[in-house]
Protein chains: 2
Amino acid sequence: MMTIGKLSDTAGVKVPTIRYYEEIGLMPEPERTEGNQRRYVRAHLDRLNFIRHARDLGFSVEAIRDLLSLQATPDAPCHDADRIAADNLADVRAKIARLKKLEAELEHIVSECAGGRAGECNVLATLADHALCVTNHGHAHNPLDNVSN
Amino acid sequence: MMTIGKLSDTAGVKVPTIRYYEEIGLMPEPERTEGNQRRYVRAHLDRLNFIRHARDLGFSVEAIRDLLSLQATPDAPCHDADRIAADNLADVRAKIARLKKLEAELEHIVSECAGGRAGECNVLATLADHALCVTNHGHAHNPLDNVSN
DNA sequence: TCCTGAACCTCTAGTCCTTGGAGATTTAGG
DNA sequence: CCTAAATCTCCAAGGACTAGAGGTTCAGGA
Ligand SMILES: [Zn+2]
Ligand SMILES: [Zn+2]
Ligand SMILES: [Zn+2]
Ligand SMILES: [Zn+2]
């Protein structure tokens with residue numbers, strides 16, 4: 001029998017977060033003492049470790065919800081779990097791709113500036129005008145510039 | 001003179017977002033018509049483009065706030081702008097590093113599973129036990145496991 | 001000049017995933 | 001039995017938007 005504090009320390013998940021997981025249904029409602037305090041057993045710890053590990057690996061709460069229900073039916077085929085993981089991998093790769101573009105662009109921006117007056121700063125100049133960018137990072141957009149005044 | 005809708009289309013920033021930027025002080029309060037509608041001029045568009053471009057490049061709103069005030073004083077030295085950009089670059093690199101670890105780990109997890117029953121799924125098994133991981137991705141944590149029951 | 005429908009206004013609340021605090025109660029140890 | 005630590009519930013914030021409800025204003029055409 002564990003208090004929420006012990007569970008928190010053991011799993012490395014903050015106490016309010018555990019209560020939050022219970023609220024959104026990721027963690028089951030545990031037994032309570034007569035004084036209404038939560039008491040956890042080993043199975044709760046395992047589940048919480050699973051959740052935290054999956055979160056650390058970038059899975060969304062919704063994905064984890066699905067993974068947990070798959071875990072609960074060991075005889076079902078695991079295609080779904082594999083697909084969820086593959087989707088997450090694809091997400092991670094997409095994020096890396098985007099961040100690499102940013103990295104390249106920021107390297108360029110930073111290296112271009114010799115460090116003079118703000119009025120001639122290439123950092124500021126490039127931020128003011130995407131045309132000075134060397135890559136098509138992020139959500140590009142071409143306005144038609146029919147703007148007077 | 002532009003309406004907020006025209007500004008929105010031209011800059012590629014949603015109307016509520018423009019109002020939000022005004023609320024948090026990133027965009028100045030524009031002139032209003034007699035009927036209380038916002039009317040923007042060219043300077044507003046330039047500023048909004050700057051903001052959106054910086055956001056696309058990963059700068060935080062706070063960083064942009066600083067960059068904008070630097071832009072307003074062209075005679076000041078630009079060290080601060082350069083440092084803000086360098087910090088952002090460091091942030092982006094840190095994110096990439098973390099995501100690459102996740103990518104490696106997810107590749108491993110996904111490749112390990114032959115696709116059988118959920119009870120033997122390596123995706124689920126690895127999520128349940130970080131010891132099966134090949135890298136030290138994310139926020140590792142070693143519990144002392146003095147847990148009974 | 002009037003009408004209409006699109007665009008605008010303010011205000012509130014929701015998103016996602018936690019995290020922190022206030023004030024009241026329970027627990028465990030001495 | 002007393003006290004200090006931990007727990008309880010409820011509410012709010014964080015970052016950066018986004019979406020609606022309900023009401024008003026604008027611009028183009030008949
Ligand atoms: Zn500079
Ligand atoms: Zn750019
Ligand atoms: Zn599998
Ligand atoms: Zn792991």
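Chain letters run A, B, ... following the sequence lines, proteins first and then strands; every chain starts at 1.
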May I ask you to decide whether D91(B) forms a salt bridge with K95(B), counting only side-chain N to carboxylate O separations under 4.0 Å? no
Which pair of non-hydrogen atoms, one from F50(B) and one from L124(A), has the smallest distance, and what is that distance? CE1-O, 3.7 Å
Which atom of R65(B) lies closest to which atom of I24(B), heavy atoms considered: NH1-O, 2.8 Å
Whole angstrom value for the distance that separates C1' of dC17(D) from CD1 of I51(B): 14 Å
Separation of dA13(D) P from K14(A) NZ (nearest whole Å): 20 Å
Five pairs per end, C1' atoms only: what is the angle between the end axes of the helix from dT1(C)-dA30(D) to dG30(C)-dC1(D), to 10 degrees? 10°
Considering only dT18(D), dC17(C), dA16(D), which nucleotide approaches the side chain of S60(A) most closely? dC17(C)
So, is Y21(A) close to the dT18(C) phosphate, meaning a side-chain N or O under 4.0 Å from OP1 or OP2? yes
Below the 4.0 Å mark, does dC26(D) have OP1 or OP2 next to a side-chain nitrogen or oxygen of R32(B)? no
Ion pair R117(A)/E120(A), N-O distance below 4.0 Å: yes
In whole angstroms, how far is the C1' atom of dC26(D) from the CD1 atom of I4(B)? 15 Å
Looking only at side-chain N and O atoms, does T17(A) come under 4.0 Å of OP1 or OP2 in dT18(C)? no
Using whole Å, report how far CD of E23(A) lies from P of dC8(D). 13 Å
Hey, does the side chain of E105(A) reach the backbone of T135(A) with a donor-acceptor pair shorter than 3.5 angstrom? yes
Taking the six-membered ring where the residue is Trp, are the ring centres of H137(B) and H108(B) under 6.0 Å apart? no
Just how far, in rounded Å, is P of dA6(D) from CG of D9(A)? 9 Å
Between R38(A) and dC8(D), does any side-chain N or O lie under 4.0 Å from OP1 or OP2? yes
To the nearest Å, give me how far apart CZ (F59(A)) and C1' (dT18(C)) are. 20 Å
Which letter, B, S or -, goes with each nucleotide of nucleotides 21-30 of chain C from 5' to 3', with contact meaning a protein heavy atom under 4.0 Å? -----BSS--
What are the two closest heavy atoms between P30(A) and Y40(A), and how far apart are they? CG-CE2, 3.5 Å
Quickly work out the E22(A) CD to dT7(D) P distance and round it to whole Å. 14 Å
To the nearest Å, how far apart are I18(A) CD1 and dT9(D) C1'? 16 Å
Provide the closest heavy-atom pair for L67(A) versus L127(B) in the form atom of the first, atom of the second, distance. CD1-CD1, 3.6 Å
Can you pull out every side-chain hydrogen bond (donor to acceptor under 3.5 Å, both in side chains) where at least one residue sits in residues 14-30 of chain A? Sequence neighbours excluded, please. E22(A)-R38(A)
With a 4.0 Å cut-off on heavy atoms, is I24(A) in touch with a base, just the backbone sugar-phosphate, or nothing at all? nothing
